[in-house]
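Report on one structure; see the data block that follows.
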Amino acid sequence: MAASPSSAPSNFIRDLILDDLKTNKHNGRVQTRFPPEPNGYLHIGHAKAICIDFGLADEFGGHTNLRFDDTNPEKEETEYVESIQADVKWLGFHWDGLFYASDYFDQLYEWAVKLIKDGNAYVDDLTAEEIRKHRGTLTEPGKDSPYRNRLVEENLNLFERMRAGEFPDGSRTLRAKIDMASPNLNLRDPVMYRILHAEHHRTGNKWSIYPMYDYAHGQSDSIERVTHSLCTLEFEDHRPLYNWFIQQLGIFPSRQIEFDRLNLTYTLLSKRKLLQLVQEGRVSGWDDPRMPTLGGIRRRGYTPEAVRKFCGAIGVSKTTGSIELAMLEHFVREDLNKRAPRVMAVLRPLKVVIDNYPENQVEEMDAVNNPEDASAGTRKVPFSRVLYIEQDDFREDPPKGYFRLSPGREVRLRYGYFVTCKSVVKNEKGEVVEVHCSYDPATHGGNAPDGRKVKSTIHWVSAANAIDAEVRIYENLFSKENPNEVEDGKDVLDNLNPNSLEVITHAKLEPSLANAAAGNRYQFERLGYFCVDPDSGPGKPVFNRTVALKDTWAKVEKRGNVMEMHGPGPCEAQRCQRELRGEDRIIKHANDGIRVRGKNYHKGCEPSQREAAKDLS
């Protein structure tokens, strides 16, 4: 059940709406809109705006329009329009009205004529470069255009001829006549229309002039009688201009309210720069699973529920900051943990032969589909004499604290038996290519009748029944926490992570995955969450790793075996301390973890490289 307006968590936008409702402003009506430009694919930053626009209207029984601000025909395509609609639907929202700024081109033109007649707009012959020079700076006022005081009749004549297509691109503009000395540069006679002989994706070649975004946007809100026009903070300085147009035209006064945009670590949220990645072939397309586009994260396996919960958790404010990518991944794990069926898959196979197991015998082991959901039931998994396990699950010479399979050590095979390593077979390079074990038949199902315990359980796949699959392991697309931080002479592309994609071509999967449908999500036990990619074909499944599971031991090894497990105690990770103070919401901890030179850390709260280096110095 949705929370009532009085009990739901609040933010400053919600409080403003509550105040408007209390005073019966707009007769109790709440109308929002989501106004993307159809010049690229939506990304995770847009998801925040969508959740705010649609979510607040839904909460207060209002309405939300989806409006495409399609004022730049050179960069807009029907492909983007269709993808945006699909993304909004995928997130679980439905618009009340579908509109385009181009629906209002005739009205916007008529209002421009009114502004000319009222002496509030003029046709300018300055070039774009000359306009920039006349504009001034933050500390110096601008200069009037020599065409600023043209007579109304001349302006009307020139503007009509601009519309008729008499003049070449860029030769003239229509500018609002406001104040060239205003401290707000947006009010220094901004351009309202430019000449552009380009075919529009909806209006074709009807127009030779197109309105600028800053002119069309506010008036479109007014036409739709939007009561709460929600924008990100970069439009705050544009609000006085929008209000000026509304006042001069005497039209419905939509109220613009700005909030902080989403910034995510290791993530680039600029459509222009994302387009560059696509055009230069740095990624496979807008829906490459490494991309932060909604199409990309959907293909990677993110769920709309996880994205909505993330957007709700990060809140709404007027303070620009950065959210850790780990927080988004936490919500993805939390959601998939509840819904993703468990299966067994071996990505880097190592052959295991159980010498005392009957050669031609195949058993069907009962495996739990999802321990978080009893209704998911169980499935049968074939077990045989020859198995595959992960290479990382065996060490011929195990370091201290390693409890997986090694010579003489007994481990549990998930849902199977206890097995003990007896010998190994190596290739000419001295690498272990085969492990020989014995099993205890009395431990069927993974439990010993005599009550003995083992310290490790590992997953496996029957070699005779395994299916081959391609598995794509994705890491952050950028190696720098802030991809926009670049050194002199370099650009953001220099921060790309060269190891953002690893393709494993011969992973071994349990046979239940043979006909997994594109988009299906699974937890590969002990490895992470994976999603079936649309590139899959009959007998050739392809899986994308959505997000990894935390692997404490892998982190221990990576840091040079300097850590040891610790029992209950306070966590000394800076990130954890911030969370406990309420400044951050990233991870729900267990009360055990690792120890670094006398300091305790929870699982998942291991120190950053900087902290670890300090601890080890």
Side-chain angles (χ1 to χ4, degrees), residues 35-40 67-77 80 100-136 142-150 152 154-180 184-220 235 237-238 241-242 244-245 248-249 271-272:
E37 298 176 70
N39 58 2
R67 182 182 73 239
F68 292 97
D69 281 341
D70 54 345
T71 59
N72 190 353
E74 290 184 312
K75 295 184 177 180
E76 297 159 355
E77 298 179 18
Y80 299 140
Y100 298 80
S102 55
D103 293 336
Y104 313 134
F105 279 178
D106 288 303
Q107 178 64 76
L108 292 171
Y109 180 83
E110 291 178 15
W111 279 338
V113 169
K114 172 178 168 51
L115 291 172
I116 294 173
K117 289 180 178 179
D118 292 343
N120 291 320
Y122 63 95
V123 173
D124 194 1
D125 293 0
L126 294 180
T127 65
E129 180 60 31
E130 290 170 334
I131 289 175
R132 279 192 289 271
K133 289 180 178 178
H134 278 67
R135 193 182 189 197
K143 294 190 300 182
D144 287 356
S145 165
Y147 307 99
R148 194 173 194 265
N149 295 314
R150 272 176 165 153
V152 169
E154 183 181 3
N155 282 319
L156 289 172
N157 175 267
L158 288 172
F159 190 49
E160 184 177 349
R161 292 166 64 190
M162 286 169 60
R163 177 181 181 175
E166 288 189 25
F167 307 118
D169 290 357
S171 60
R172 285 187 166 90
T173 59
L174 180 71
R175 298 177 67 182
K177 192 175 184 179
I178 308 179
D179 181 5
M180 289 301 294
N184 186 334
L185 271 64
N186 294 295
L187 296 178
R188 295 183 185 179
D189 291 9
V191 173
M192 295 169 54
Y193 275 90
R194 77 281 199 199
I195 300 172
L196 184 61
H197 296 270
E199 184 174 351
H200 191 275
H201 73 105
R202 295 188 73 245
T203 62
N205 293 306
K206 176 181 177 180
W207 295 90
S208 298
I209 56 173
Y210 289 94
M212 300 299 289
Y213 179 88
D214 273 352
Y215 174 59
H217 181 75
Q219 279 60 261
S220 297
F235 292 101
D237 289 340
H238 297 246
L241 174 59
Y242 301 157
W244 184 88
F245 282 127
Q248 300 306 315
L249 295 170
K271 279 197 290 187
R272 179 178 58 83

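- Residues Phe159 and Tyr193 place their aromatic rings such that the two centres sit under 6.0 Å apart.
- With a 4.5 Å cut-off on side-chain heavy atoms, Leu158 and Arg150 count as touching.
- Between Met212 atom CE and Thr173 atom OG1 the span is 9.0 Å, to the nearest 0.5 Å.
- The nearest pair of heavy atoms linking Tyr215 to Ala112 is OH-N, 3.2 Å.
- The shortest side-chain heavy-atom distance between Pro146 and Leu126 falls under the 4.5 Å cut-off.
- Within the 4.5 Å cutoff, the side chain of Lys177 has no heavy atoms near those of the Asp124 side chain.
- Here the side chain of Ser145 pairs a donor or acceptor atom with the backbone of Tyr147 at under 3.5 angstrom.
- Enclosure of atom CD in Glu160 is not indicated, since only 12 or fewer non-hydrogen atoms of other residues, nucleotides or ligands lie within 6.0 angstrom.
- Under the 3.5 Å distance criterion, the side-chain polar atoms of His134 are matched with a main-chain donor or acceptor of Glu130.
- Under the 4.5 Å side-chain criterion, counting only non-hydrogen atoms from C-beta, Asp237 is not in contact with Leu185.
- Of all the heavy atoms in Ile116 and Leu156, the pair that sits closest is CG2-CD2, 3.6 Å.
- A donor atom on one side chain and an acceptor atom on the other are found under 3.5 Å apart for Asp189 and Tyr122.
- In this structure, OG in Ser220 is found 13.5 Å from CZ in Phe68, a value given to the nearest 0.5 Å.
- Distance check, rounded to the nearest 0.5 Å: CG of Leu249 to CD of Glu110 gives 11.5 Å.
- Interatomic distance, CG of Leu241 versus CD1 of Ile178, reported as 5.0 Å (0.5 Å rounding).
- Considering every non-hydrogen atom in both Leu196 and Tyr210, the closest pair reads O-CE1, 3.3 Å.
- The backbone N or O of Arg188 sits nowhere less than 3.5 Å from a side-chain atom of Arg135 that would complete a donor-acceptor pair.
- The shortest non-hydrogen separation linking Gln248 to Leu115 is CB-CD2, 3.7 Å.
- Salt-bridge check for Asp69 with Lys75: failed, with every basic side-chain N at 4.0 Å or more from each acidic carboxylate O.
- At least one side-chain heavy atom of Lys206 sits under 4.5 Å from a side-chain heavy atom of Asp106.
- Put simply, the side chain of Arg161 does not reach to within 4.5 Å of the side chain of Arg172, judged on heavy atoms.
- Summarising the geometry of His238 relative to Asn186, their closest heavy-atom pair is CE1-OD1, 3.5 Å, with the distance given to 0.1 Å.
- When atom types are taken as modelled, the side chain of Asp70 and the backbone of Ser102 share a donor-acceptor pair closer than 3.5 angstrom.
- Take Glu129 and apply the salt bridge (Lys or Arg N to Asp or Glu O under 4.0 Å) test, not counting sequence neighbours, and it matches Arg132.
- A salt bridge does not link Asp103 to Arg67: none of the charged side-chain nitrogens sits closer than 4.0 Å to a carboxylate oxygen.
- Here the side chains of Asn39 and Asn72 are not in contact, with every heavy-atom distance at 4.5 Å or above.
- Here the CH2 atom belonging to Trp244 is positioned 12.5 Å from the CG atom belonging to Asp214, to the nearest 0.5 angstrom.
- Every pair passing salt bridge (charged side-chain N to carboxylate O under 4.0 Å, His left out) that includes a residue from residues 114-123 is listed here, sequence neighbours excluded: Lys114-Asp118.
- Contact annotation: the side chain of Phe235 never approaches that of His217 to less than 4.5 Å [non-hydrogen atoms, C-beta and beyond].
- Side chain of Arg194 to main chain of Gly170: no donor-acceptor pair is present (N/O by atom type, distance under 3.5 Å, no hydrogens or angles).
- The distance from atom OH of Tyr100 to atom CZ of Arg202, rounded to the nearest 0.5 Å, is 5.5 Å.
- Between the side chain of Tyr109 and the backbone N or O of Arg163 there is no donor-acceptor pair closer than 3.5 Å.
- Although no hydrogens or angles enter the test, the distance criterion places a donor-acceptor pair under 3.5 Å between the side chain of His197 and the main chain of Phe167.
- Closest of all the heavy-atom pairs between Ala164 and Ser208 is C-OG, 4.5 Å.
- Looking at Glu76, its side chain does come within 3.5 Å of a backbone N or O of Thr71 through a donor-acceptor pair.
- Taking the six-membered ring for Trp, His201 and Tyr80 have ring centres at least 6.0 Å apart.
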